[in-house]
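The structure under discussion appears below in the form of structure tokens.
Each chain gets a letter, A, B and so on, in the order its sequence line appears, and its residues count up from 1.
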There are 2 protein chains.
Amino acid sequence: MSRRSGILEFAVLGLLRESPMHGYELRKRLNTSLGIFRAFSYGTLYPCLKTLVANGWLIEEPGSAPEDARAASLAGRRAKIVYRLTPEGKEHFEELLSNSGPDSWEDEHFAARFAFFGQTEREVRMRVLEGRRSRLEERLEKMRASLARTRERLDDYTLELQRHGMESVEREVRWLNELIESERAGRDQRQSPSAPPATRKSTSGEAGNLPRHRDAEPSGGTPPGRTGPPDPSADTAK
Amino acid sequence: MSRRSGILEFAVLGLLRESPMHGYELRKRLNTSLGIFRAFSYGTLYPCLKTLVANGWLIEEPGSAPEDARAASLAGRRAKIVYRLTPEGKEHFEELLSNSGPDSWEDEHFAARFAFFGQTEREVRMRVLEGRRSRLEERLEKMRASLARTRERLDDYTLELQRHGMESVEREVRWLNELIESERAGRDQRQSPSAPPATRKSTSGEAGNLPRHRDAEPSGGTPPGRTGPPDPSADTAK
DNA sequence: GTTTTCATGTAACCCGTTACATGATTCA
DNA sequence: TGAATCATGTAACGGGTTACATGAAAAC
């Protein structure tokens, strides 16, 4: 496994960059707002936060006094712990943001990266998007090949399953195409017909250059869809 | 985790029902033809086979003599081991096939079930399909709700991610609708316009009653798409 | 003749979850 | 006052992969 926890670290850093938070809230954001990743349990989150603190990327602050600002010397007080990004943490996150290597093409990793595109530089966004697309295209190639080989042995349902699977991937490729086009259009700052100025709130400073979709009905929970098997195969031998 | 290995067992039994095979080949089929599941490694597969043998569902047979039919008493011979389904195994598989409970609505589980629809009774197929659909609709509901809550705080990219995710789920629901319709149409045996007699090979004895798609370009690798987080949350506190 | 692919196995390890423990705050 | 939610933590367990060991058959 390619360090799923790396995704957690990344996302935590990214969320905390926006504002300090305590663990519980962090987890909620991870599962809902960013709905992207299949949820992490506290058993993963809290230790992870500890690590980040140990690395000097976060500091723990006593939470904004639960109950009220208690002056009493309640030593064993189990207060909310608010985590805040340190300058080093910010720097580290920026470094993570800037890399657009093969890892960032992977399903869950990609989703996490995309979620923070608002804070990512345009060129990096492009590379990530294009990388993701090429990754999916490879996948499609494999699917087509494998299908060509086995096609006639398969029954209708199996075939239909494959067909639907492939269609999903193709659909994501088209989605990426749109995004890439928008990014490109947005690059020369003037607003092209396909990329009118942002109508939705833009957290980042960037212009709104996403493709238009029928505006009601945005969505809410899934990554571009775990699609192909990460294939632990590639064979054990050698 | 809801016993991912249960899926393996099911798929192994299902594949072996069609014909005896050895482990290596089994694994290939699991990753390509059925391309569905994110691949299992040998470290998982072989022990699993052992278990199935121990349960009396499979028997190991010396493979069709590697090299040539060797009569010599090579005791330490590392031959291919071909696994064959026992009558009990077949019975067990049929039992698994017949259950259409909530488990079978889940992402990977569903994909596995669908892959063996050719050997599944129509009523069961219907229940599985409908269950899956309701599961996805729940998911959509949650997504919509969570989105409604957080919408304005989100930036364009996050929103776009959510939108795309939701759209994927909606798309799968439509797919299921088509399938369900076809099943229903197929039930009264005469061939409706939407369900002409099978043109593709049908392994099962059933009539070809799948929805028609532009026929070239079936697909090849992915489950209906890991969509929503299984949500280990539901909160730890009871 | 050597590399690839086929083929079977196992033990160590890693990651993440489950289950539990604890306690404060808010709501009915 | 008791239930639900907020909130933090940890130890044990489990499932699955990685890496390794081994060797035959086929391809080059």
Considering residues at least two apart in sequence or located in another chain, which fulfil the side-chain hydrogen bond (donor to acceptor under 3.5 Å, both in side chains) criterion with A:Arg127?
-> A:Ser100

Do any side-chain nitrogens or oxygens of B:Arg27 fall under 4.0 Å of OP1 or OP2 in C:dG9?
-> no

Between B:Arg29 (CZ) and C:dC6 (P), how many Å, whole number?
-> 15 Å

To the nearest Å, how far apart are A:Leu45 CG and C:dG16 C1'?
-> 12 Å

Where does the angle between the aromatic ring planes of A:His92 and A:Trp57 fall among parallel (under 30°), tilted (30 to 60°) and perpendicular (over 60°)?
-> parallel

Select base, sugar-phosphate, or nothing to describe what A:Gly43 touches, counting heavy atoms under 4.0 Å on all strands.
-> base

Using atom CG of A:Leu30 as one end and atom C1' of C:dT17 as the other, report the distance to the nearest whole Å.
-> 16 Å

Would you mind reporting whether B:Arg27 and B:Phe40 have side-chain heavy atoms less than 4.5 Å apart?
-> no

Do B:Trp175 and B:Phe114 have ring centres separated by under 6.0 Å?
-> yes

How long is the line joining CG of A:Leu26 and P of D:dC6, in whole Å?
-> 15 Å

Of the nucleotides C:dT17, D:dT8, C:dA7, which has the atom closest to the B:Lys80 side chain?
-> C:dA7

Salt-bridged, B:Arg139 to B:Asp107, with N to O below 4.0 Å?
-> yes

Toward the 5' end of DNA chain C, by each residue's nearest nucleotide, A:Thr44 or B:Thr44 = B:Thr44

Between A:Arg144 and A:Glu141, is there a side-chain N and carboxylate O pair less than 4.0 Å apart?
-> yes

Once you round it to whole Å, what is the distance between P of C:dT8 and NZ of B:Lys28?
-> 11 Å

Ignoring the backbone of B:Tyr24, work out which of D:dT10, C:dA7, C:dG9 is nearest its side chain.
-> C:dA7

Quick one: is C:dT8 close enough that its OP1 or OP2 comes under 4.0 Å of any side-chain N or O from B:Tyr46?
-> yes

Using atom CD of A:Glu108 as one end and atom C1' of C:dC15 as the other, report the distance to the nearest whole Å.
-> 13 Å

Within less than 4.0 Å of OP1 or OP2 of C:dT10, is there a side-chain N or O belonging to B:Lys50?
-> yes

Among C:dT8, C:dC6, D:dG9, the nucleotide that comes nearest once only the side chain of B:Ile81 is considered = C:dT8

Answer yes when A:Arg171 and B:Glu167 have at least one side-chain N-carboxylate O distance shorter than 4.0 Å, and no when they do not.
-> yes

Has B:Arg17 got its NZ or CZ under 6.0 Å from the middle of the six-membered ring of B:Phe116, at an angle within 45 degrees of the ring axis?
-> no

A:Leu49 CG to D:dA7 P: how many Å, rounded?
-> 14 Å

Dot-bracket pairing map - DNA chain D, Watson-Crick plus G-U, both contacts under 3.5 Å, | cross-strand = ||||||||||||||||||||||||||||

Closer to the 5' end of DNA chain C via nearest nucleotide, is it B:His22 or B:Pro47?
-> B:His22

B:Glu61 atom CD is separated from C:dA7 atom C1', nearest whole Å, by 17 Å

So does A:Ser5 get a side-chain nitrogen or oxygen closer than 4.0 Å to the phosphate oxygens (OP1/OP2) of C:dG16?
-> yes

